[in-house]
2 protein chains.
Amino acid sequence: MSRRSGILEFAVLGLLRESPMHGYELRKRLNTSLGVFRAFSYGTLYPCLKALVANGWLTEETGGSPEPASLTGRRAKIVYRLTAEGKSHFEELLAHSGPDAWEDEHFGVRFAFFGQTSRDVRMRVLEGRRSRLEERLEKMRTSLARSRERLDDYTLELQRHGMESVEREVRWLNELIESERAGRDQRAVDPAEQHQKDTSGDADGLPRRRGGSRPGPSDDTTT
Amino acid sequence: MSRRSGILEFAVLGLLRESPMHGYELRKRLNTSLGVFRAFSYGTLYPCLKALVANGWLTEETGGSPEPASLTGRRAKIVYRLTAEGKSHFEELLAHSGPDAWEDEHFGVRFAFFGQTSRDVRMRVLEGRRSRLEERLEKMRTSLARSRERLDDYTLELQRHGMESVEREVRWLNELIESERAGRDQRAVDPAEQHQKDTSGDADGLPRRRGGSRPGPSDDTTT
DNA sequence: GTTTTCATGTAACCCGTTACATGATTCA
DNA sequence: TGAATCATGTAACGGGTTACATGAAAAC
């Protein structure tokens with residue numbers, strides 16, 4: 001079964017669900033759209049693609065002719081396309097909301113595909129994430145209380161900043177959960193069916209912060 | 001030479017510089033004092049300790065008798081102590097401020113030992129970190145601008161939150177750099193020489209936020 | 001026509017975890 | 001006396017990167 005890391009596999013299936021792509025392009029999307037959070041190298045991506053093909057979740061299409069590239073002699077650009085089994089497998093993955101879904105490594109990628117995730121799963125993942133962070137905060141607070149005197153100012157400052165970061169993410173999650181509750185008629189959307197950008201008013205579950213102008217923080221030309 | 005990861009080695013030497021400890025205790029300190037950022041398992045720590053001993057940077061002291069534990073039959077508690085070479089090696093590491101010092105994995109640990117780091121190195125690391133983050137922001141902004149239309153609301157929100165996090169860390173660094181500049185008579189302190197908690201007024205380079213009362217967020221007894 | 005960027009791949013390695021095995025000490 | 005916690009260790013594996021090798025297409 002190979003049990004390849006989940007996270008890359010998930011992201012690849014998710015991206016290919018939107019449209020077929022070749023490896024190179026796929027990697028760029030991984031490192032931008034989902035990026036900030038995870039950057040993969042070719043040494044990881046290509047073997048993974050092979051494995052997904054072996055599982056029957058993807059097909060490889062080489063350039064013009066459907067023949068193996070070896071016949072024509074030219075090294076072909078390989079376009080990967082999601083199979084029906086691949087699609088249903090991805091949908092299974094999307095539906096899972098186990099504890100690992102809200103761990104640091106997974107949460108970002110899961111969130112990135114919330115547009116294709118059912119509302120209740122979204123809720124479970126967000127709430128799971130939140131309580132995960134809250135228990136982490138708890139631990140940080142007690143451990144800090146136990147050792148405050150012993151620690152020097154820099155260590156303390158580091159600790160403080162760390163806690164503030166977590167608290168901030170909790171507030172963010174609160175907002176998101178809030179909006180999810182408020183928003184209605186939410187169901188997952190198959191991106192392949194999205195022929196036109198259906199701008200259906202204000203129907204998503206998001207805080208609507210975009211439009212907040214972002215006054216351009218005195219864009220100083222450092223560097 | 002073994003070239004063991006740097007980061008664990010650095011943290012271990014730094015902690016042992018404050019006082020000798022055995023592995024178990026060391027690990028706890030790693031996962032709290034420096035924690036939040038990194039958690040190491042015994043499977044990593046113990047082999048690393050062995051390697052540091054082999055390098056002559058640490059000595060192992062078993063319980064009461066200096067004999068190898070095998071003689072007495074009892075499995076001894078092993079106390080690790082920094083050697084003179086270990087100490088000077090650590091000081092070398094402390095003095096380095098190469099580009100890797102401000103990468104994600106290293107920066108936290110480096111900061112945790114700022115109390116023992118010279119002022120100019122502190123400055124270089126903080127400024128290096130800041131410009132690293134600024135160039136990351138730059139990339140995020142352009143990549144976001146290039147693909148804004150193509151991305152769905154959740155992906156966009158994720159991106160926005162990610163950028164805000166980075167911007168926040170930049171502001172934090174600005175404050176720190178500011179205070180470093182303001183603070184004077186800063187030199188690195190050898191923690192072993194600190195016989196009494198010398199509370200010399202306001203002489204450190206930190207924002208003095210502690211004392212900002214932190215109204216005790218209704219210390220709810222969750223769990 | 002040469003440099004860049006696109007594009008695919010692999011083998012060696014690195015850092016770290018998991019799961020396991022062992023035993024001492026403390027505490028109910 | 002038995003459970004929990006302290007304490008040390010290792011072998012197998014896992015997930016990922018680096019460095020390398022190859023070559024086509026585009027840009028200059």
Side-chain angles (χ1 to χ4, degrees), chain A residues 1-12 20-32 34-35 37-54 58 60-65 68-70 72-80 100 103-106 109, chain B residues 1-12 20-32 34-35 37-54 58 60-65 68-70 72-80 100 103-106 109:
Chain A
M1 288 299 147
S2 66
R3 209 59 336 239
R4 312 199 135 278
S5 122
I7 142 142
L8 215 203
E9 166 184 315
F10 181 82
V12 165
M21 263 179 287
H22 52 265
Y24 192 87
E25 198 183 345
L26 203 42
R27 182 183 179 244
K28 280 199 304 188
R29 297 282 314 264
L30 279 175
N31 295 215
T32 58
L34 317 177
F37 305 94
R38 213 77 181 63
F40 291 99
S41 63
Y42 298 119
T44 315
L45 178 58
Y46 284 118
C48 171
L49 285 170
K50 296 277 166 171
L52 294 182
V53 170
L58 305 182
E60 316 184 289
E61 291 163 24
T62 65
S65 58
S70 50
T72 63
R74 38 196 312 285
R75 161 109 75 148
K77 200 152 89 163
I78 301 175
V79 174
Y80 291 93
D100 43 315
E103 288 306 312
D104 292 329
E105 331 82 282
H106 293 55
V109 198
Chain B
M1 291 299 142
S2 66
R3 207 70 321 249
R4 313 199 134 278
S5 125
I7 143 142
L8 216 203
E9 165 185 317
F10 181 81
V12 165
M21 264 181 284
H22 51 264
Y24 192 88
E25 198 183 344
L26 203 43
R27 182 183 180 244
K28 280 200 304 189
R29 297 282 313 266
L30 279 173
N31 296 215
T32 57
L34 316 178
F37 306 95
R38 214 78 182 59
F40 290 98
S41 65
Y42 297 119
T44 315
L45 179 58
Y46 284 118
C48 171
L49 285 170
K50 295 279 167 173
L52 293 182
V53 170
L58 305 182
E60 318 183 288
E61 290 162 25
T62 66
S65 58
S70 49
T72 64
R74 38 197 312 286
R75 159 108 76 147
K77 201 152 90 164
I78 301 175
V79 175
Y80 291 93
D100 42 316
E103 287 306 311
D104 292 329
E105 332 82 282
H106 293 55
V109 199

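Chain letters run A, B, ... following the sequence lines, proteins first, then strands; residues in each count from 1. Since the structure is predicted, the reported quantities are computational estimates derived from the model, not experimental observations.
- The ring-ring contact (aromatic ring centres under 6.0 Å, His included) check on B:Y24 picks up B:Y42, with sequence neighbours excluded.
- A search for side chain to side chain donor-acceptor pair (under 3.5 Å) contacts involving B:E103 returns B:R132, not counting sequence neighbours.
- The side chain of B:P47 lies closest to D:dT10 when the candidates are D:dA7, D:dT10, C:dG9.
- As rounded to whole Å, 13 Å separates atom P of C:dA7 from atom OH of A:Y80.
- The side chain of B:Y46 contributes no N or O atom lying less than 4.0 Å from OP1 or OP2 of D:dG9.
- At whole-Å resolution of the value, CD in A:E9 and P in D:dG15 are 11 Å apart.
- Closest non-hydrogen pair, A:E9 versus A:L52, comes out as CG-CD2, 3.8 Å.
- For the residue pair B:N31 and B:F40, the shortest heavy atom distance occurs at OD1-N, 3.4 Å.
- Between the CG atom of B:L8 and the P atom of C:dC15 there is a distance of 11 Å, given to the nearest Å.
- The distance between atom NE2 of A:H22 and atom P of C:dG9, rounded to the nearest whole Å, is 12 Å.
- Across all their heavy atoms, A:L49 and A:G23 have their closest contact at CD1-CA, 4.1 Å.
- Closest to the side chain of A:K50, from the set C:dG9, D:dT8, C:dT8, is C:dG9.
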Atom pairs, N/O to N/O, protein against nucleotides 17-20 of chain C, distance under 3.5 Å?
residue, atom, partner, partner atom, Å
C:dT17, OP1, B:A39, O, 2.6
C:dT17, OP2, B:S41, N, 3.1
C:dT17, OP2, B:S41, OG, 2.8
C:dT17, OP2, B:T44, OG1, 2.3

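- Scored by the side chain to side chain donor-acceptor pair (under 3.5 Å) test, A:E25 finds no partners at all (sequence neighbours excluded).
- Inter-axis angle, ends of the helix from C:dG1-D:dC28 to C:dA28-D:dT1, five pairs per end, rounded to 10 degrees: 30°.
- For the pair B:E105 CD and C:dC14 P, the interatomic distance rounds to 16 Å; values are reported in whole Å.
- Note: CD (B:E60) to P (D:dA7) measures 16 Å, nearest angstrom.
- Atom pair A:R27:CZ and D:dG16:P shows a separation of 14 Å (rounding to whole Å applied).
- Taking the side chain to side chain donor-acceptor pair (under 3.5 Å) definition, one finds that B:Y80 meets it with B:E60, sequence neighbours left out.
- Annotation for A:E105 and A:I7: closest pair O-CD1, 3.5 Å, computed over non-hydrogen atoms.
- Looking at A:R27, its side chain never comes within 3.5 Å of a backbone N or O of A:L45 through a donor-acceptor pair.
- Straight-line distance from the OH atom of B:Y24 to the P atom of C:dG23: 19 Å, rounded to whole Å.
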